[in-house]
Number of protein chains: 2
Amino acid sequence: MYNPDRTDLEILRLLEQDGRMSHKVIAQTVHKSITPVHSRISKLEKSGFIRKITALINPKLIGRGLTAYTQVLLKVHSQESLENFIAEAVKIKEVMECYHMTGTFDFLLRITIRDMEAYNELLLKQLSNLPAVAQMQTFFVISEAKYETAYFNTV
Amino acid sequence: MYNPDRTDLEILRLLEQDGRMSHKVIAQTVHKSITPVHSRISKLEKSGFIRKITALINPKLIGRGLTAYTQVLLKVHSQESLENFIAEAVKIKEVMECYHMTGTFDFLLRITIRDMEAYNELLLKQLSNLPAVAQMQTFFVISEAKYETAYFNTV
DNA sequence: TCTGAAAATGAGGCGGC
DNA sequence: GCCGCCTCATTTTCAGA
């Protein structure tokens, strides 16, 4: 759809660093004027390279301090069964990520929630009602050593 | 540090939706004028509620189409051993997330990389050199059914 | 903490190269 | 595809309540 050159990738890197960096500052950094920077960002957005510009919130400060990863194994692996599970899992607002996986289980869920008590309730009332589940195994995050959404910024 | 009220949380919700939403639009939505919106956002940033405003990039379009989750078990669980592992793991740029976990393994890594060939090389040259690893097990993402960073937006 | 307004900065569009 | 200019919108600061 759009074939980004080195300048485009540099712009992506800068916007990963700061999604509100001004076009002027970007232009100075990539050694172009504001106009091409502007049009390149438009193209990068329209073509889907930039999925979204968003504020990343600290979950601990807003009562979502507990993160769980849950592995799910289904009873049957028909297309219908897989699609049903996905349709229900993604509706749960505490389920932030849901992946269909290779290997010994079928799905991996990232769940963020207030605390263990709230998790208990989520488990009883929502997770346990997900369709066609054969087995679920949950691991909790003790500490976050790294969380990075930026692909272009070297650590 | 800072105790956000309902208006602050509403502002967070809007900035999760669109990190570049103008203060004017935010002000209209939360029924305040621009000045308090401005000062609230400053406070939310300084106090760490907003970790960062960033562009989320589509990894598939920039040659990072393969995502792996790797579970790591260490040989020894001394503080030194844990810290050593973390220090080395977070240096690897393909390791986007690294968590210390409860349960039958110690760490969970999220790895994004070009393709399986590149993963093979990463495994041989970097992952296999991580210190004090007893066991590693990797699962690959077949498809992403949900990826959400916004805590306040109901699905 | 809020309102309203002024000053500074940025965005987005146009003609020309 | 780039530059410089122009106009409008937005951000940011300030006085005052």
Side-chain angles (χ1 to χ4, degrees), chain A residues 1-64 148-153, chain B residues 1-64 148-153:
Chain A
M1 190 171 180
Y2 176 58
N3 193 20
D5 63 11
R6 187 161 303 186
T7 301
D8 290 304
L9 298 181
E10 179 75 359
I11 291 173
L12 289 179
R13 189 180 71 77
L14 295 169
L15 288 177
E16 280 186 329
Q17 238 173 67
D18 176 3
R20 286 175 310 184
M21 188 176 288
S22 75
H23 295 183
K24 184 181 169 189
V25 172
I26 294 172
Q28 286 164 351
T29 309
V30 304
H31 305 295
K32 291 269 185 311
S33 72
I34 291 174
T35 310
V37 166
H38 182 71
S39 88
R40 281 162 183 269
I41 291 176
S42 294
K43 282 179 199 159
L44 290 168
E45 287 178 333
K46 279 180 198 134
S47 56
F49 281 84
I50 298 173
R51 306 213 293 197
K52 153 181 228 189
I53 294 190
T54 188
L56 297 178
I57 308 301
N58 186 337
K60 284 179 197 162
L61 299 181
I62 54 161
R64 297 285 282 276
E148 185 57 73
T149 58
Y151 295 100
F152 290 110
N153 291 304
Chain B
M1 191 171 181
Y2 176 57
N3 194 19
D5 63 12
R6 189 160 302 188
T7 300
D8 289 304
L9 298 181
E10 179 73 358
I11 291 172
L12 289 178
R13 189 180 71 76
L14 294 169
L15 287 176
E16 282 186 328
Q17 239 172 66
D18 177 3
R20 286 174 308 185
M21 188 177 288
S22 77
H23 296 185
K24 186 181 168 189
V25 171
I26 293 172
Q28 287 163 351
T29 309
V30 302
H31 306 294
K32 292 269 185 318
S33 69
I34 292 175
T35 310
V37 167
H38 181 72
S39 89
R40 280 162 185 268
I41 291 175
S42 294
K43 281 178 199 159
L44 290 168
E45 286 178 334
K46 277 180 198 132
S47 56
F49 281 82
I50 298 173
R51 306 214 292 197
K52 142 182 239 193
I53 294 190
T54 188
L56 297 178
I57 307 300
N58 186 336
K60 285 179 196 162
L61 298 182
I62 55 161
R64 298 286 282 277
E148 186 57 73
T149 59
Y151 295 100
F152 290 111
N153 291 304

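In what follows, chains are A, B, ... by sequence order, proteins preceding strands, each numbered from 1.
- Listed by first and then second residue, the side-chain hydrogen bond (donor to acceptor under 3.5 Å, both in side chains) pairs involving residues 55-64 of chain B are B:R64-B:T112 (not counting sequence neighbours).
- Atoms NZ (A:K46) and P (C:dG12) sit 11 Å apart, rounded to a whole Å.
- Applying the salt bridge (Lys or Arg N to Asp or Glu O under 4.0 Å) rule to A:E148 yields no partners; only residues at least two apart in sequence or on another chain are considered.
- Residues meeting the salt bridge (Lys or Arg N to Asp or Glu O under 4.0 Å) test with B:E16, sequence neighbours left out: none.
- D:dC2 atom P lies 13 Å from atom NE2 of A:H38, rounded to whole Å.
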Which pairs of donor and acceptor atoms, one on a side chain in residues 43-51 of chain A, lie under 3.5 Å apart (sequence neighbours left out)?
from	atom 1	to	atom 2	distance (Å)
A:E45	OE2	B:R20	NH1	3.2
A:E45	OE2	B:R20	NH2	2.6
A:S47	OG	A:K43	O	2.6

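- Counting to the nearest Å, the C1' atom of D:dC2 and the CG atom of A:D8 are 14 Å from each other.
- Residues of residues 16-36 of chain B that place a heavy atom closer than 4.0 Å to DNA chain D, in numerical order, are B:S22, B:H23, B:K24, B:I34, B:T35.
- With sequence neighbours left out, B:S22 forms a side chain to side chain contact (heavy atoms under 4.5 Å, CB included) with B:K24, B:V25.
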